[in-house]
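Structure record follows, encoded as structure tokens.
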Amino acid sequence: MTASSSSSAAPTQYFDNPAGTIWYYPAGYLRLDWHRTPGREANVRDLYKATAEALKQFGVTRILSDHRHMPPISPPLQRWLAEQWVPDTARETGYNRGAVVQAFNLFNRMATNQIVTQMTNTNVPVAVDYFDSEEAAERWLLSDDAPQSGAVGSGV
């Protein structure tokens with residue numbers, strides 16, 4: 001798990017469980033680092049619930065999610081993220097921008113794309129874009145640039 005950032009202030013670990021780790025970056029975002037070994041579905045839900053709490057606590061509205069080592073997510077969990085977690089979190093916290101560092105595994109990339117596609121029906125104003133490096137993801141996340149490859153208007 002890398003927690004490097006171009007910002008000068010060091011990140012703070014907020015939450016860790018078998019699914020992943022949440023970091024707060026003083027530059028103005030949260031980062032989710034997924035563990036290589038799959039956590040149970042309950043662990044993934046807990047990770048996302050803790051992410052919503054961290055957005056509230058730190059008053060940030062942007063998330064960098066490093067999917068490079070993320071295990072596959074089940075279709076029911078994908079639906080929960082798209083139809084419940086994202087709309088509720090956006091409404092309750094102002095979450096509005098997500099940068100995804102693409103998974104190495106093609107099936108995981110497809111699952112992430114499916115979640116974003118499902119979210120386009122929620123009409124939640126969240127912009128998402130995909131990147132091959134954390135540096136590019138962070139640059140976009142902290143900018144006001146429109147997504148080049150992700151969804152605008154709805155997303156992860």
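Side-chain atoms are counted along with the backbone in the values below, which use heavy atoms only and exclude waters and symmetry mates.
Contacts of Thr89 classified as side-chain hydrogen bond (donor to acceptor under 3.5 Å, both in side chains), with partners at least two apart in sequence or in another chain: Trp85. Partners of Lys49 by salt bridge (charged side-chain N to carboxylate O under 4.0 Å, His left out), not counting sequence neighbours: none found. The salt bridge (charged side-chain N to carboxylate O under 4.0 Å, His left out) check on Arg45 picks up Glu41, with sequence neighbours excluded. For Tyr24, the ring pair (Phe, Tyr, Trp, His ring centres under 6.0 Å) criterion is met by Phe58, not counting sequence neighbours. By the side-chain hydrogen bond (donor to acceptor under 3.5 Å, both in side chains) test, Asp88 pairs with Arg91, sequence neighbours left out. Residues satisfying the side-chain hydrogen bond (donor to acceptor under 3.5 Å, both in side chains) criterion with Gln84, sequence neighbours excluded, are Trp80.
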- Report the C-alpha separation of Trp34 and Val101 in whole Å, then their side-chain angles, then the decisive distance to 0.1 Å, and conclude whether the side-chain contact (heavy atoms from CB on, under 4.5 Å) test is met. CA-CA 11 Å; Trp34 292 88; Val101 180; over 6 Å; no
- Task: Walk me through it: do Glu134 and Arg68 pass the test side-chain contact (heavy atoms from CB on, under 4.5 Å)?
- Result: CA-CA 10 Å; Glu134 60 191 86; Arg68 287 179 285 192; 2.7 Å; yes
- Can you check side-chain contact (heavy atoms from CB on, under 4.5 Å) on Leu142 and Tyr29, steps first, answer last? CA-CA 8 Å; Leu142 296 175; Tyr29 68 93; 3.8 Å; yes
- Could you please spell out the steps behind the side-chain contact (heavy atoms from CB on, under 4.5 Å) verdict for Val100 and Asp129? CA-CA 6 Å; Val100 176; Asp129 211 343; over 6 Å; no
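Here CZ of Phe131 is found 8.5 Å from CG of Leu64. Values are rounded to the nearest 0.5 Å. Distance CG/Leu32 to CZ/Phe15: 10.0 Å, rounded to 0.5 Å. If you take CZ on Arg40 and CG on Asp46, they are separated by 8.5 Å, rounding to the nearest 0.5 Å.
Contact between Val126 and Tyr95 at its shortest, heavy atoms only, is CG2-O, 3.5 Å. Leu47 and Asn17 get closest at one heavy-atom pair: N-ND2, 3.9 Å. The two residues Ala99 and Ala137 come nearest to each other via the heavy atoms CB-O, 3.7 Å. Closest approach of Ile73 and Met70 over heavy atoms only: CD1-CE, 2.6 Å. Closest non-hydrogen pair, Pro87 versus Ala82, comes out as CD-O, 3.4 Å.
Within the 4.5 Å cutoff, no side-chain heavy atoms of His67 are placed close to those of Tyr130. Counting heavy atoms from C-beta outward, Thr51 and Leu30 have side chains that approach closer than 4.5 Å. Proximity of Ile63 to Leu55: side-chain heavy atoms (C-beta onward) are separated by under 4.5 Å at one or more points. Within the 4.5 Å cutoff, the side chain of Arg79 has no heavy atoms near those of the Ser74 side chain. Within the 4.5 Å cutoff, the side chain of Asn96 has heavy atoms near those of the Arg62 side chain.
In this structure, the ring of Trp23 has its center no less than 6.0 angstrom from the ring center of Tyr14.
Side-chain atoms of His35 and Thr37 include no donor-acceptor pair closer than 3.5 Å. Side chains of Asp16 and Thr21: a donor-acceptor N/O pair is present below 3.5 angstrom, by distance only.
Not a single donor-acceptor pair under 3.5 Å links the side chain of Arg31 to the backbone N or O of Glu138. Under the 3.5 Å distance criterion, the side-chain polar atoms of Arg36 are left unmatched by any main-chain donor or acceptor of His69.
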